[in-house]
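Excluded from the calculations below are hydrogen atoms, water molecules and symmetry mates; all remaining heavy atoms, backbone and side chain alike, are included. It should be emphasised that the depicted structure is a prediction, and the values quoted were computed from it without experimental measurement.
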Amino acid sequence: MTVHTIQTSGVLRRLQQVVVAAIVPAVLLAVTTWPLRADQASDTVVIRVDVSQNRHPISPLIYGVNFASPEQLKLLNSPINRSGGNATTRYNWKQNCTNSGNDWFFMSHPENGSAPGESVDTWVKGNNSAKARSIVSIPIIGWVAKINADRSPLWSFSVAKYGAQQKTESGHPDMGNGNKQDGKEISGNDPADANIPVDISFQKGWLEHITSTFGTADKGGVGYYLLDNEPGIWQGTHRDVFPTGVKMEDLFAKELGAAKLVKSVDPAAKVGGPEEWGWTNYLYSGYDSQWGGTHGWDKPKPDRTAHGDVDIMPWLLKQFAAAEKTSGKRLLDIFTLHFYPQAQGVGSDDVSEQTKLRRNRSTRALWDPAYKDESWINTEVKLIPRMKEWVAANYPGTQIGVTEYNWGAEKSMSGALAQADILGIFGREGVDLATRWTCPATNTLAFKAIQMFRNYDGKNGAFGNISVSCTGGNPDDVSGFASQNNASGPITVMLLNKRPGDPARIRIALTQAASNTSAAEYQLTEAGIKPLPAISISGGTLSVTVPAESITLLVIPGSVK
């Protein structure tokens with residue numbers, strides 16, 4: 001709930017990926033590379049921008065983050081901030097405490113402040129001060145953390161109670177990691193050691209507290225609620241209270257109950273879910289993932305088989321569609337997933353030449369139906385088209401969102417280029433909401449990459465709100481995104497030179513462009529964001545040479561139509 005909490009609940013994605021690795025099939029890494037010529041820097045890349053084609057709104061909510069401070073939100077001109085992650089699964093609003101699960105010794109610990117819901121209240125107030133909307137995660141797992149009356153922590157795997165363990169927490173020698181000294185997991189622990197069982201009615205008081213404090217969503221209160229966090233791996237992340245993976249029917253029942261509760265307390269609020277972590281659990285329930293890890297992935301999965309051998313995500317959408325027919329109102333507004341690149345090194349701080357090139361290619365998993373993911377996934381993810389197909393076939397009218405993603409290397413231009421590429425893709429492909437995990441530090445290049453879209457000039461200068469046709473280039477090498485601000489406002493063109501060692505000469509061909517004008521230029525390199533001299537436009541074209549590994553924004557006056 002606070003920055004400290006997400007670092008605790010997050011210790012973080014790396015540990016969670018270890019859990020995931022234990023439940024996914026192992027396949028050989030298939031690597032494909034786009035051929036690059038040694039003389040490519042001497043080539044001219046032609047980018048064509050046509051403001052009359054492929055016009056559609058860009059949702060401002062794609063420029064969201066997780067757990068940003070008010071200062072960061074202002075610097076980013078970010079419109080939305082999410083409270084999510086593993087620790088939110090067991091947030092106890094009455095005691096204002098949470099449990100970090102497998103991320104940190106299954107410890108139940110206090111949040112800042114002793115008043116009910118105080119840490120979340122403080123966070124929402126900060127968002128409001130920065131004019132950003134809040135996204136709050138609603139726990140549905142069935143357990144919440146508990147702490148001692150003096151607000152000291154409790155933990156699930158006491159050494160005194162369950163025996164010697166593989167590791168103990170440095171400040172608490174009795175706090176074990178839940179693994180025996182030989183590495184095997186301790187089973188049969190008492191979940192009540194550090195948690196209390198609850199049903200969804202426990203959250204009713206919290207939602208009423210939030211709406212009474214901040215108003216309902218249509219009155220400026222919390223606008224968005226999410227259905228917990230990554231249920232497909234609860235049996236790993238939260239195995240002290242949920243050792244057996246959740247089945248399809250049980251998950252839907254939990255999600256439906258929470259969605260109904262939100263709508264009953266705040267009908268104007270938007271509900272998003274199922275907040276699944278990644279590829280395996282787009283297709284299989286937590287129960288089947290656990291079963292496959294134990295019995296083999298080449299065998300039929302029992303939960304899936306019992307439901308007609310269908311993927312779990314579209315099945316959940318279909319259940320919500322049926323629930324709307326029964327209830328007479330929409331209960332799921334946004335179909336939300338998480339996505340983290342699984343290819344070797346891409347999500348890390350690795351900036352070796354090979355990993356940079358792999359990172360350049362890997363963003364195609366978000367949109368390209370022909371791109372085979374270069375990881376154990378080893379197939380075409382096509383995340384955004386897939387989400388849209390699932391929605392169209394099972395619950396038309398549902399928006400789509402990606403509420404966690406991170407491509408690593410945020411201190412380098414490699415990570416900044418991936419971040420800019422992702423934001424451009426989200427806008428071009430029509431994603432409705434996206435929040436990066438987490439907000440990068442203000443001095444990082446990934447942070448500045450977001451600023452290139454939302455505050456490139458320090459005066460909230462932003463990429464346009466209407467996506468327009470931008471073709472040419474190579475998505476793995478040199479490419480661009482284009483937009484217009486409203487019907488006749490400035491045209492903005494974002495150019496990405498992903499080449500690790502080579503500058504690029506780019507010619508922009510502007511369809512229906514006026515001559516005798518110029519484009520303002522802003523550029524992000526290792527040195528940060530800098531305004532550059534204006535570039536003349538002649539005969540509907542302009543040319544620019546950009547450095548290796550750089551992001552360049554051209555702002556063309558609205559007179560160009």
Between [Y] and [X], is there a side-chain heavy-atom distance shorter than 4.5 Å?
X: Val241; Y: Phe106; value: no
X: Ser108; Y: Lys146; value: no
X: Leu417; Y: Arg359; value: no
X: Met413; Y: Leu524; value: yes
X: Lys372; Y: Asn378; value: yes

Give, for atom [atom1] of [X] and atom [atom2] of [Y], the distance between the pair rounded to the nearest 0.5 Å.
X: Thr336; Y: Tyr224; atom1: OG1; atom2: OH; result: 12.5 Å
X: Ile450; Y: Arg436; atom1: CD1; atom2: CZ; result: 6.0 Å
X: Ile200; Y: Leu261; atom1: CD1; atom2: CG; result: 5.5 Å
X: Glu185; Y: Asn102; atom1: CD; atom2: CG; result: 7.5 Å
X: Ser156; Y: Met107; atom1: OG; atom2: CE; result: 11.0 Å

Any donor-acceptor pair under 3.5 Å linking the side-chain atoms of [Y] with those of [X]?
X: Ser100; Y: His109; value: yes
X: Ser348; Y: Asp350; value: no
X: Gln419; Y: Tyr405; value: yes
X: Asp121; Y: His209; value: yes
X: Glu230; Y: Thr237; value: no
X: Trp376; Y: Gln342; value: yes
X: Asp303; Y: Ser285; value: yes
X: Glu276; Y: His338; value: no
X: Ser158; Y: Asp174; value: yes
X: Ser352; Y: Thr355; value: yes
X: Asn86; Y: Asn229; value: yes

For this session: Taking the six-membered ring for Trp and the single ring otherwise, decide whether the centroids of Tyr282 and Trp277 are under 6.0 Å apart.
Result: no
For this session: Among residues two or more places apart or on two chains, list those pairs meeting ring pair (Phe, Tyr, Trp, His ring centres under 6.0 Å) that have a residue in residues 172-198.
Result: Trp155-His172
Counting heavy atoms not belonging to [X], are there more than 12 under 6.0 Å from its [atom1]?
X: Lys167; atom1: NZ; result: no
X: Lys411; atom1: NZ; result: no
X: Lys356; atom1: NZ; result: yes

Would you call [X] and [Y] a salt bridge, taking side-chain N to carboxylate O under 4.0 Å as the test?
X: Arg90; Y: Asp240; answer: yes
X: Arg82; Y: Glu404; answer: yes
X: Lys382; Y: Asp368; answer: no
X: Lys263; Y: Asp333; answer: yes

For this session: Could you label the plane-to-plane angle of the Trp206 and Tyr91 rings as parallel, tilted or perpendicular, counting under 30° as parallel and over 60° as perpendicular?
Result: tilted
Exercise. Between the side chain of Asn455 and the main-chain N/O of Leu75, is any donor-acceptor distance below 3.5 Å?
Worked result: yes
For this session: Decide yes or no on ring pair (Phe, Tyr, Trp, His ring centres under 6.0 Å) for Phe426 and Tyr63, but give the supporting numbers first.
Result: CA-CA 9 Å; Phe426 286 161; Tyr63 304 110; 9.1 Å; no
For this session: State which residues pass side-chain contact (heavy atoms from CB on, under 4.5 Å) with Thr244; sequence neighbours excluded, sorted by chain then number.
Result: Tyr287, Gln290
